[in-house]
Student: 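Sharing a structure here in structure tokens format.
Numbers here simply count residues along the sequence, with the first being 1. As the structure lists them, so they are numbered: ligands from 1, and atoms in each ligand from 1. The basis for the numbers below is simple: all heavy atoms, side chains too, and nothing from hydrogens, waters or symmetry mates.
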Amino acid sequence: MDFLKVTELNLDSFSAIVRNGVKTKKNPAYLGTPLKGKHIGIFFEKPSTRTRISFEVAIHHLGGEVIHLNANELQISRGESIEDTAKVLSRYLDGLVIRTNSHKFLEDFARFADVPVINALSDLYHPCQSLADFMTIYEASGRLNNLKICYSGDGDNNVAHSLILASGITKNEIIVASPSGYAPSEEIIREARNLGGKVTLENKLDGSCLDVDATYTDVWISMGKEKESSIRKKKLKPFQLNSEYLEKCVKKPIIMHCLPANKGQEITEDLFNSPYSRVIDQAENRLHTQKALLHYLYSQYKR
Ligand code: CP
Ligand code: NVA
């Protein structure tokens with residue numbers, strides 16, 4: 001089984017992974033060593049602080065070995081096909097964790113690989129992030145249902161897409177506040193609604209965004225979007241999370257961010273450091289939910 005998109009999980013498996021994340025946070029040995037004797041390749045084409053390091057530690061905790069793959073050192077950099085690379089690496093490795101620009105690359109790789117392939121972020125999705133996001137909300141609220149989540153900013157990015165789909169799987173309500181041109185794709189909205197989620201679009205960080213359990217933002221300029229920097233800063237400015245927003249909230253939401261943050265852009269420094277902020281816990285939870293994810297994937301996978 002691969003994990004390219006969060007919708008590869010259903011409500012039961014998603015909830016079980018989040019709950020196992022909480023358990024392994026309390027007791028790091030809780031999930032045992034299901035990766036004993038297994039070698040997992042880590043292939044990142046983009047920078048990463050949280051995802052790569054938390055995966056490496058997670059694999060070690062579960063008894064596995066990490067093998068680093070550098071694109072420039074593989075024959076793929078000289079034109080060897082994805083098909084041959086995926087087939088050959090599957091003979092050595094027991095799984096791959098891949099961060100790439102193109103989701104299509106990931107899909108092609110997974111199609112030809114005989115071992116689990118995990119999406120560590122693509123242009124379209126960041127499914128591992130959404131597991132940690134829901135664990136963080138669960139820790140704060142004690143539940144995985146009857147939640148109202150607001151996402152403010154670039155609604156058309158990987159993190160927003162996965163959060164929306166995860167809200168669909170858990171049948172929660174998500175309000176996406178974004179300017180025109182930065183709303184989530186209609187296909188993702190439709191998919192989340194079909195799963196049972198309630199998705200509302202707003203063009204202001206106001207109204208229904210003021211009565212939520214959690215408010216989330218991500219960078220305005222995702223990796224690869226640097227050329228659009230000035231237009232994005234201008235358009236997205238009204239969607240900044242700041243103390244003015246928090247003061248208007250009917251009840252105080254927890255403040256979330258996948259990180260890295262550009263303080264002064266999508267979130268102010270004071271809100272980032274406020275008692276409502278859960279951003280560092282959220283980053284920590286990447287480790288626990290990825291351990292739970294690996295445990296789940298490898299309980300299904302027999303070589
Ligand atoms: N949130 C996240 O994926 O962070 P990194 O880019 O540091 O992995
Ligand atoms: N949307 C951001 C997430 C980084 C973890 C990006 O793709 O750069």
Student: Do any side-chain atoms of residues 179-192 form donor-acceptor pairs under 3.5 angstrom with protein atoms, and if so which ones, sequence neighbours left out?
Tutor:
unit_1, atom_1, unit_2, atom_2, d
Ser185, OG, Ile188, N, 3.3
Glu191, OE1, Lys5, NZ, 3.0
Glu191, OE2, Lys5, NZ, 2.8

Student: Determine the sole option in Lys252, Arg278, Lys251 for which the salt bridge (charged side-chain N to carboxylate O under 4.0 Å, His left out) test with Asp213 is passed.
Tutor: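 Per the salt bridge (charged side-chain N to carboxylate O under 4.0 Å, His left out) rule, the option paired with Asp213 is Lys251, out of Lys252, Arg278, Lys251.
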Student: Hey, are Asp84 and Lys87 close enough for a salt bridge, meaning a charged N less than 4.0 Å from a carboxylate O?
Tutor: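 Lys87 and Asp84: not salt-bridged.
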Student: For ligand 1, would you mind listing the residues that have at least one heavy atom less than 4.0 Å away, ordered by chain and number?
Tutor: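 The answer is Ser48, Thr49, Arg50, Thr51, Arg99, His126, Gln129, Cys258, Leu259, Arg286, counting any residue whose heavy atom sits under 4.0 Å from ligand 1.
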Student: Evaluate the side-chain hydrogen bond (donor to acceptor under 3.5 Å, both in side chains) criterion for residues Tyr245 and Thr215: first the C-alpha distance (whole Å), next the side-chain angles of each, then the deciding distance (0.1 Å), finally the verdict.
Tutor: CA-CA 10 Å; Tyr245 162 71; Thr215 300; 2.7 Å; yes
Student: Go through it in stages, so that I can follow the logic: the residues are Glu139 and Lys25, the test is salt bridge (charged side-chain N to carboxylate O under 4.0 Å, His left out), and I'd like the CA-CA distance, side-chain angles, deciding distance and then a yes or no.
Tutor: CA-CA 11 Å; Glu139 285 180 319; Lys25 186 172 186 172; 2.8 Å; yes
Student: Who pairs with Lys233 by side-chain contact (heavy atoms from CB on, under 4.5 Å), at least two apart in sequence or on another chain?
Tutor: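 Expected list: Trp220, Ile221, Ser229, Gln265.
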Student: Might you list the protein residues in contact with ligand 2, defined as having a heavy atom under 4.0 Å from one of its atoms, sorted by chain and number?
Tutor: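 Ligand 2 pocket, heavy atoms under 4.0 Å: Leu121, Asn157, Asn158, Val159, Asp218, Val219, Ser222, Met223, Leu259.
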Student: Do Thr136 and Asn285 have side-chain atoms, one donor and one acceptor, less than 3.5 Å apart?
Tutor: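 Side-chain D/A pair, Thr136 to Asn285: present.
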Student: Report yes or no: do Thr217 and Glu266 form a side-chain donor-acceptor pair below 3.5 Å?
Tutor: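 Checked: Thr217/Glu266 side chains show no N/O donor-acceptor pair below 3.5 Å.
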Student: For the rings on Tyr125 and His103, is their centre-to-centre separation under 6.0 Å?
Tutor: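 Tyr125 vs His103: aromatic centres under 6.0 Å.
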